[in-house]
Amino acid sequence: MDKIAAPRGTADLFPPESARWQALEESVHRIARRFGYGEIRTPTFESTELFVRGVGETTDIVEKEMYTFADKGQRSLTLRPEWTAPVVRAVLEHNLLAQGPQRLYYIGPIFRYERPQAGRYREAHQFGIECFGFAGPEADVETIALAHEVLRAHGLGVTVAINSIGDATCRPRYREALFAHFAPHRDALSPDSQRRLDRNPLRILDSKAPEDRALVASAPTMLDVLCEPCAAHFARVREMLGAIGVAYRVDPSIVRGLDYYTRTVFEFISDDLGAQSTVCAGGRYDGLVAELGGPPTPGVGFAMGLERFLMILAKRGVGASAERRGIAVVALGEDARRRVVPLVAALRRAHGDLPVTIDYGDGKIAAQFKKADRANARAAVIVGDDEVRGGSVVVRDLATRVQESLAATSDDATADAVLHWYAALPAAADAAA
RNA sequence: GUGACUGUAGCUCAGUUGGUUAGAGCGCUGGACUGUGACUCCGGAGGUCGCGGGUUCGAGCCCCGUCAGUCACCCCA
């Protein structure tokens with residue numbers, strides 16, 4: 001087969017699926033704006049160095065998942081595997097922090113070289129926010145509240161799982177405590193966890209291996225070891241989440257994979273996603289801005305996987321029914337078709353919002369009605385030989401099958417008459433009943 | 001990167017222990033009905049059986065490779 005297919009782990013998008021994406025994107029823009037966030041767009045590729053420093057040299061993303069290439073000038077570039085590092089880079093490059101705290105959101109693709117499976121693709125799309133300049137727990141809560149609102153706005157009742165992974169003071173202590181707990185039982189751990197023990201003992205906590213379960217359950221939790229400022233911060237986060245009515249559950253096994261997180265981390269999890277159950281995840285990253293060469297600046301944010309979100313909505317059948325809307329122009333014969341072109345233009349000009357379609361083919365009237373019906377048009381405007389001769393158009397309500405004849409004069413006047421008639425139609429739901 | 005399962009029409013799928021011109025439903029299209037969507041009836045188009053190799057007198061079916069999809073691991077949105 002010499003047909004070229006889309007690369008592995010990528011997908012084409014077209015109607016009616018693309019309409020679901022548009023609806024989600026619009027709602028996400030609206031909600032971010034409502035929280036006072038402004039959109040940031042950054043290049044699709046960046047210097048490889050940005051991700052190595054920003055995400056962490058020993059993370060899986062950097063070690064094996066990046067699309068890295070050399071351009072013709074021998075620069076090493078990488079397709080964006082995540083948004084936080086590029087956003088920080090842009091904020092620093094344009095010195096936005098000089099103007100005070102920044103609330104930014106983004107929506108767009110990321111690229112990771114992974115084996116595709118449910119909810120995982122090589123090109124995926126994320127919506128997320130980054131809030132810079134607020135060290136207090138209010139910013140953590142606002143971030144969680146925004147994510148919560150996006151999910152809630154689409155009818156998902158969700159509980160956020162939260163944890164604190166401490167800061168530079170207490171996290172090293174916790175690593176030691178974990179190591180001390182697991183090391184004596186090294187041989188009893190799963191092979192993966194034996195490896196984690198040396199590289200990053202925190203990762204053992206979310207192991208799925210059954211042989212690890214008992215040891216994980218008896219392990220000390222981060223919350224036992226938190227330094228006093230971190231403990232106070234976490235307590236305030238919990239208190240305020242309760243105050244704004246966001247349901248949460250403390251889950252000490254949440255550790256997050258990227259190096260830059262500090263203190264609060266959280267995940268929104270869904271049962272509808274199979275093994276990739278996280279639809280949205282984030283946390284605080286107070287060290288990242290300085291790490292990338294900026295002034296020490298606290299930050300907190302999240303990333304939401306749009307494919308995963310849409311997957312949940314599809315599974316729940318949310319937003320499945322499209323309403324009947326718009327006008328299909330039916331022209332019978334070449335003469336009528338020619339004369340109807342200006343009328344179609346006038347209809348589209350007159351009312352920017354209604355879809356106006358026309359079939360330029362030679363199909364007979366029954367076929368054209370069928371197409372209009374399938375396309376979910378509400379009304380048809382019919383022009384045939386009789387109408388051309390008599391100076392009229394027939395307008396038909398496709399929901400009730402009731403039709404009438406309107407006088408046709410100038411194209412603009414006819415368009416007005418048609419739209420006036422359309423505006424008076426009963427609601428589609430009533431019409432169907 | 002590891003493992004399992006699956007690739008037949010636009011879609012969903014049949015296809016007997018390997019055996020003539022590969023089928024169905026839906027969709028598309030023409031007609032019955034020469035200007036009205038449903039239903040019914042009759043006709044038509046649409047397939048290099050993912051691709052490459054092998055075994056065989058003969059492969060959609062068996063074997064190997066490869067590409068892709070699906071699911072899980074690792075990891076992550």
Side-chain angles (χ1 to χ4, degrees), chain A residues 1-11 14 55 58-65 80-84 106-128 147 190-193 195-196 199-200 203 206-209 254-258 266-270 273-282 301-312 324 328 330-333 336 361-377 379-388 394-403 405:
Chain A
M1 146 109 64
D2 46 15
K3 265 190 211 161
I4 297 174
R8 183 165 210 198
T10 68
F14 40 86
V55 179
T58 60
T59 58
D60 272 34
I61 288 182
V62 171
E63 279 188 342
K64 49 187 213 196
E65 294 176 1
R80 169 179 58 221
E82 64 104 39
W83 275 88
T84 300
Y106 57 81
I107 178 165
I110 59 157
F111 306 85
R112 292 183 196 170
Y113 190 86
E114 297 190 274
R115 191 96 168 244
Q117 79 187 68
R120 164 180 301 166
Y121 309 96
R122 291 188 171 178
E123 178 178 17
H125 297 78
Q126 293 186 340
F127 158 69
S190 66
D192 280 330
S193 287
R195 193 167 41 78
R196 293 177 182 122
R199 289 194 51 189
N200 186 355
R203 293 237 70 95
D206 60 358
S207 167
K208 291 173 189 169
I254 295 180
V255 288
R256 314 267 56 239
L258 280 38
F266 61 89
E267 289 186 9
F268 289 86
I269 295 180
S270 167
L273 288 175
Q276 270 62 46
S277 54
T278 304
V279 64
C280 174
F302 70 75
M304 182 178 289
L306 297 184
E307 279 83 359
R308 290 184 185 180
F309 191 14
L310 256 355
M311 206 178 292
I312 298 172
R324 257 185 191 288
V330 174
L332 303 169
D362 278 320
K364 53 183 222 172
I365 190 167
Q368 296 210 39
F369 271 120
K370 199 166 163 185
K371 272 180 194 157
D373 194 38
R374 295 271 157 80
N376 243 338
V381 173
I382 304 140
V383 179
D385 293 341
D386 295 348
E387 287 73 25
V388 170
V394 169
V395 288
R396 179 181 177 86
D397 181 348
L398 292 171
T400 61
R401 304 183 177 226
V402 174
Q403 68 184 43
S405 182

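All heavy atoms count here, side chains included; hydrogens, waters and symmetry mates do not. Naming: A, B, ... by sequence-line order, numbering from 1 per chain. Just so you know, these numbers come straight off a predicted model, no measurement behind them.
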Where along nucleotides 34-45 of chain B does protein come under 4.0 Å, by heavy atom, of base (B) or sugar-phosphate alone (S), with - for untouched nucleotides? -BBBS-------
Mind checking the [atom1] distance from [N] to [M]? Whole angstroms is fine.
N	M	atom1	value
B:U20	B:U12	C1'	29 Å
B:G54	B:G47	P	27 Å
B:G27	B:C11	C1'	7 Å
B:A72	B:G65	P	25 Å
B:C74	B:A4	C1'	16 Å
B:U70	B:C57	C1'	38 Å
B:C67	B:G15	C1'	25 Å
B:G60	B:G7	P	15 Å

Could you pull out all residues at least two apart from [X] that satisfy side-chain hydrogen bond (donor to acceptor under 3.5 Å, both in side chains)?
X	result
A:Glu387	none
A:Gln403	A:Arg396
A:Arg401	none
A:Arg196	A:Ser193

Have a look at A:Glu114 and say if it touches a base, only the backbone sugar-phosphate, or nothing, with a 4.0 Å heavy-atom cut-off.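 Answer is base: heavy atoms of A:Glu114 come under 4.0 Å of a base.
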So A:Gly119, base contact, sugar-phosphate only, or nothing? Heavy-atom distance under 4.0 Å.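 Base contact.
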How about A:Tyr113 and A:Arg122: do any of their side-chain heavy atoms sit closer than 4.5 Å?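 The answer is yes; the side chains approach within 4.5 Å.
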Using a 3.5 Å limit on both distances, find every run of at least three consecutive Watson-Crick or G-U pairs that involves RNA chain B.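 In RNA chain B, stems of three or more pairs: B:1-7 with B:67-73, B:10-13 with B:23-26, B:28-32 with B:40-44, B:50-54 with B:62-66.
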Using ring-ring contact (aromatic ring centres under 6.0 Å, His included) as the criterion, list what pairs up with [X], not counting sequence neighbours.
X	result
A:Tyr106	A:Trp83
A:Phe266	none
A:Phe302	A:Phe127

Quick check: any donor-acceptor pair below 3.5 Å linking the side-chain of A:Arg308 to the base of B:C76?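 Yes, a donor-acceptor pair under 3.5 Å.
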When only distance counts, do a donor and an acceptor, one from the side chain of A:Arg112 and one from the base of B:A77, lie under 3.5 Å apart?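 Yes.
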Gap between atoms [atom1] and [atom2], on [X] and [N] respectively (whole Å):
X	N	atom1	atom2	result
A:Phe111	B:C75	CZ	P	24 Å
A:Trp83	B:A77	CH2	C1'	14 Å
A:Tyr121	B:G69	OH	C1'	11 Å
A:Met304	B:C76	CE	P	19 Å
A:Asp60	B:A77	CG	P	11 Å
A:Tyr113	B:A77	OH	P	20 Å
A:Ile110	B:C75	CD1	C1'	12 Å
A:Arg120	B:G69	CZ	P	14 Å

Given RNA chain B, 5'-ward residue of the pair A:Gly9 and A:Gln126, judged by closest heavy atom: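 Result of the comparison: A:Gly9.
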Tell me which of A:Ala275 and A:Arg196 sits closer to the 5' end of RNA chain B, going by the nucleotide each one is nearest to.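 So the residue in question is A:Ala275.
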Taking salt bridge (charged side-chain N to carboxylate O under 4.0 Å, His left out) as the definition, give me every residue that meets it alongside A:Asp373, ordered by chain and number, with sequence neighbours left out.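 A:Asp373 satisfies salt bridge (charged side-chain N to carboxylate O under 4.0 Å, His left out) with A:Arg324 once adjacent residues are dropped.
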Please list, chain by chain and in numerical order, all residues satisfying salt bridge (charged side-chain N to carboxylate O under 4.0 Å, His left out) with A:Arg115, sequence neighbours excluded.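 Result, salt bridge (charged side-chain N to carboxylate O under 4.0 Å, His left out) vs A:Arg115: none returned.
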Return yes if some donor-acceptor pair links the side-chain N/O of A:Arg112 with the main-chain N/O of A:Ile61 below 3.5 Å, else return no.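 Looks like no, no N/O pair under 3.5 Å.
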Please check this pair: side chain of A:Gln368 against backbone of A:Ala331, looking for a donor-acceptor N/O pair closer than 3.5 Å.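 Yes, the answer is positive, given that a donor and an acceptor are paired below the 3.5 Å cut-off.
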I need the minimum non-hydrogen distance between A:Arg80 and A:Glu82, along with the two atoms involved.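 Looks like CG-O, 3.2 Å.
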Would you indicate which nucleotide in B:C71, B:A77, B:C76 comes nearest to any side-chain atom of A:Ala124?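 Nearest to the side chain of A:Ala124 among the choices is B:A77.
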Could you work out which one of B:A77, B:U29, B:C74 sits closest to the side chain of A:Ala303?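 My answer, after comparing the listed nucleotides, is B:A77.
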Any side-chain N or O of A:Arg203 less than 4.0 Å from the OP1 or OP2 oxygen of B:C76?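 Yes, A:Arg203 has a side-chain N/O under 4.0 Å of OP1/OP2 on B:C76.
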Between A:Glu65 and A:Arg120, is there a salt bridge with N-O shorter than 4.0 Å?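 Judged by the 4.0 Å cut-off on N to carboxylate O distance, A:Arg120 and A:Glu65 do not form a salt bridge.
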Just the atom pairs and distances: protein N or O near nucleotides 2-8 of chain B's N or O, under 3.5 Å.
residue: B:U2; atom: O4; partner: A:Arg115; partner atom: NH1; Å: 2.6
residue: B:G3; atom: O6; partner: A:Arg115; partner atom: NH2; Å: 3.4

